[in-house]
Amino acid sequence: MLSFLGFPDRLDFPSQAVNRTRPLGRPRGVSEAREKTRVSSAAPRNAMIAAMNFGFTEEQELLRAEVRKLLDARCPLEQVRALMETECGYSVELWGSLAELGWLGLTIPEAHGGAGLGWIDFVVLLEETGRSLFPSPLVSTTLAAAAILDSGTDEQKARWLPGIADGSRIGTLALVESSDVLAPSGIALLGKPDGDAFVLTGAKSFVADASAANLFIVGFRTGPDAEDLTLAVVDGGAPGVSAKSFPSMDQTKRVGTLVLESARVPKSALLGKPGRAWPAIERLFDRGAIATTGEMIGAAEGALALTVQYAKDRIQFGNPIGKYQGVKHPLAEMYVDIESTKSLLYYAAWALDESPGEVPRSASLAKAYASDAFARIGIDGVQLHGAVGYTAEYDIQLYLKRSKWARPTFGDSDFHYERVAALGGL
């Protein structure tokens with residue numbers, strides 16, 4: 001009965017159910033024309049909302065179309081399944097193509113080899129990589145670049161960012177440990193001063209794309225106080241540094257462990273002042289939550305599209321099963337959940353560039369809602385396929401696995417709803 005199902009005798013809903021914030025900037029290779037509206041983070045909330053242009057720019061829609069075209073042609077689900085069986089888990093050749101197109105440095109300034117765009121532009125890209133379950137260290141390396149951009153000196157940015165933008169450097173975050181706590185107490189690794197360096201001995205757990213990365217943003221403790229934390233860039237090829245990925249439910253997302261054995265980190269590799277890194281680490285958690293939510297939305301749309309198509313193709317009692325309310329209503333609920341999540345996500349991504357004070361609350365709202373919604377969509381997608389949905393032959397099970405991976409990544413719904421309450425309520 002909903003227009004997006006395409007069945008007869010349907011009730012049409014507006015094609016745009018939620019507001020979508022207009023991001024700033026342009027993708028590489030498109031028009032040089034660029035319009036920016038900057039809003040001070042100190043401005044009243046109603047003034048910020050009034051200054052927002054709800055809707056995507058022509059350049060962003062072009063970026064979306066180009067990403068989808070490339071992934072449909074070069075990394076369909078058949079190719080994704082093949083990459084899942086490889087050791088590295090992603091296509092090195094396709095990674096190089098993304099670098100040539102400027103997508104690896106989308107949020108890196110042009111002065112350092114990037115495209116100089118905003119995080120809503122990046123979310124547009126992530127929705128498409130999520131839709132196709134594209135396996136790559138794209139999110140990890142962009143978060144590593146964000147850490148350097150947020151806290152690094154001009155010399156550090158010039159040293160590391162061009163390599164990230166051209167794909168020769170693959171970065172990732174190595175912050176949490178075996179407790180998986182997204183708080184200062186979750187970082188126990190101690191850096192021992194040794195001349196002009198710190199010596200690190202220990203391990204970092206749940207490191208995304210650990211085996212693919214050659215540059216790690218490591219958080220460690222430099223003093224006894226709860227928030228006496230420091231960030232540093234650790235070269236994956238340095239003595240005493242090793243990383244390994246391990247099997248997980250979702251083989252499109254590789255997770256592993258970074259092991260540090262008397263690894264020396266020179267003070268020139270520290271990001272910001274020693275012992276003052278917790279605010280920067282918290283911003284990275286927020287960025288990670290927003291990026292993960294972007295891919296979750298794309299994957300949820302992919303799962304919905306597969307299930308809608310199956311509901312059209314599967315004939316029972318002389319009709320497509322999508323004609324029956326028992327199938328139609330869950331599909332409608334999936335659609336509403338996706339659109340609701342988009343509204344939360346686009347605001348959070350906009351706030352990253354335009355209103356930093358809004359980021360913690362908006363990022364937590366988006367990730368909390370998405371974590372529960374995508375889990376429901378994954379389960380419902382499999383159930384609406386019937387018994388075949390539980391088999392490896394059908395692609396819907398891949399999206400269920402992605403929902404299981406994404407739910408706890410950068411905090412589950414319980415964590416983020418509690419954080420929202422602590423920040424001032426819903």
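The basis for the numbers below is simple: all heavy atoms, side chains too, and nothing from hydrogens, waters or symmetry mates. Predicted model, so just to flag it, every value in this text is computed and none were measured.
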Are the side chains of [Y] and [X] in contact, using a 4.5 Å heavy-atom criterion?
| X | Y | result |
| --- | --- | --- |
| L63 | F56 | no |
| L104 | D166 | no |
| L271 | V233 | yes |
| N214 | R169 | yes |
| E66 | L101 | no |
| S140 | L173 | no |

Which heavy atom of [X] sits nearest to which heavy atom of [Y], and what is that distance?
| X | Y | answer |
| --- | --- | --- |
| T230 | P274 | OG1-CA, 3.4 Å |
| T341 | T293 | CG2-CG2, 4.0 Å |
| F216 | A243 | CZ-CB, 3.8 Å |
| L138 | W103 | CD1-O, 4.1 Å |
| A165 | G114 | CB-N, 4.2 Å |

### Message
Under the criterion side chain to side chain contact (heavy atoms under 4.5 Å, CB included), I'd like the reasoning laid out for T252 against M84: C-alpha separation, chi angles, the key distance, then a yes or no.
### Response
CA-CA 6 Å; T252 66; M84 288 166 54; 3.8 Å; yes

Looking at [Y], is its backbone amide N or carbonyl O close enough to the side chain of [X] to form a donor-acceptor pair, meaning the two atoms are under 3.5 Å apart?
| X | Y | value |
| --- | --- | --- |
| Y399 | A303 | no |
| E85 | A82 | no |
| D380 | I377 | no |
| S151 | I148 | no |

### Test log, rule side chain to side chain contact (heavy atoms under 4.5 Å, CB included), inputs V265 and L260
CA-CA 11 Å; V265 179; L260 302 164; over 6 Å; no

### Task
Could you tell me whether D209 and K253 make a salt bridge, using a distance below 4.0 angstrom between a side-chain N and a carboxylate O?
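Salt bridge: no.
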
#### Entry: Basic-acidic side-chain contact under 4.0 Å: R361, D286
no

Does a side chain donor of either [X] or [Y] reach within less than 3.5 Å of an acceptor in the other side chain?
| X | Y | answer |
| --- | --- | --- |
| S211 | R254 | no |
| D228 | T222 | yes |
| S248 | D250 | no |
| S413 | D372 | yes |
| E100 | S97 | no |

### Query
Does CD in E93 sit with more than 12 non-hydrogen atoms of other residues, nucleotides or ligands closer than 6.0 Å?
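It does not: E93 CD has 12 such atoms or fewer within range.
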
### Query
Does NZ belonging to K267 count more than 12 external heavy atoms closer than 6.0 Å?
yes

Could you tell me the separation between the [atom1] atom of [X] and the [atom2] atom of [Y], rounded to the nearest 0.5 Å?
| X | Y | atom1 | atom2 | result |
| --- | --- | --- | --- | --- |
| L306 | L384 | CG | CG | 12.0 Å |
| E87 | S245 | CD | OG | 9.5 Å |
| L365 | Y369 | CG | OH | 11.5 Å |
| S362 | Y347 | OG | OH | 6.5 Å |
| L83 | C75 | CG | SG | 5.5 Å |
| I297 | K342 | CD1 | NZ | 7.0 Å |

#### Entry: Contact list for residues 122-135, test side chain to side chain donor-acceptor pair (under 3.5 Å), sequence neighbours left out
R64-E127, R64-E128, R68-E128, E127-Y346, E128-R131, T129-E295, R131-E301

### Message
Please determine whether salt bridge (Lys or Arg N to Asp or Glu O under 4.0 Å) holds for the pair R407 and D414, giving the CA-CA distance in whole Å, both sets of side-chain angles, and the decisive distance to 0.1 Å.
### Response
CA-CA 10 Å; R407 189 170 195 169; D414 289 343; over 6 Å; no

List the atom pairs, donor and acceptor, that lie under 3.5 Å between side-chain atoms in residues 194-208 and the rest of the protein, sequence neighbours left out.
| unit_1 | atom_1 | unit_2 | atom_2 | d |
| --- | --- | --- | --- | --- |
| D194 | OD2 | R264 | NH1 | 2.5 |
| T201 | OG1 | S262 | N | 3.1 |
| K204 | NZ | L175 | O | 2.7 |
| K204 | NZ | E177 | OE2 | 2.8 |
| K204 | NZ | G219 | O | 2.6 |

If you look only at distance, which donor and acceptor atoms sit under 3.5 Å apart when one is on a side chain in residues 387-395 and the other is two or more places apart or in another chain?
| unit_1 | atom_1 | unit_2 | atom_2 | d |
| --- | --- | --- | --- | --- |
| T391 | OG1 | V388 | O | 2.6 |
| D395 | OD1 | R81 | NE | 3.0 |
| D395 | OD1 | R81 | NH2 | 2.9 |

### Message
For a salt bridge (Lys or Arg N to Asp or Glu O under 4.0 Å) check, start with the C-alpha distance between R376 and D337, then their side-chain angles and the critical distance, and finish with the verdict.
### Response
CA-CA 9 Å; R376 288 193 300 270; D337 274 340; 3.1 Å; yes

Listed pairs under 3.5 Å, donor-acceptor, residues 182-190 side chains, sequence neighbours left out:
none

### Query
With H112, which residues qualify under ring-ring contact (aromatic ring centres under 6.0 Å, His included), at least two apart?
none

### Query
Which of parallel (below 30°), tilted (30 to 60°) and perpendicular (above 60°) describes W119 and F122?
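Aromatic pair W119/F122 classed perpendicular.
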
### With I281, the side chain to side chain contact (heavy atoms under 4.5 Å, CB included) member among V176, D150, I217, L229
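Of the listed residues V176, D150, I217, L229, the side chain to side chain contact (heavy atoms under 4.5 Å, CB included) partner of I281 is L229.
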
### Query
Can you name the residues that form a side-chain contact (heavy atoms from CB on, under 4.5 Å) with T292, not counting sequence neighbours?
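T292: side-chain contact (heavy atoms from CB on, under 4.5 Å) contacts with M296, K367, W405, A406, T409, F410.
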
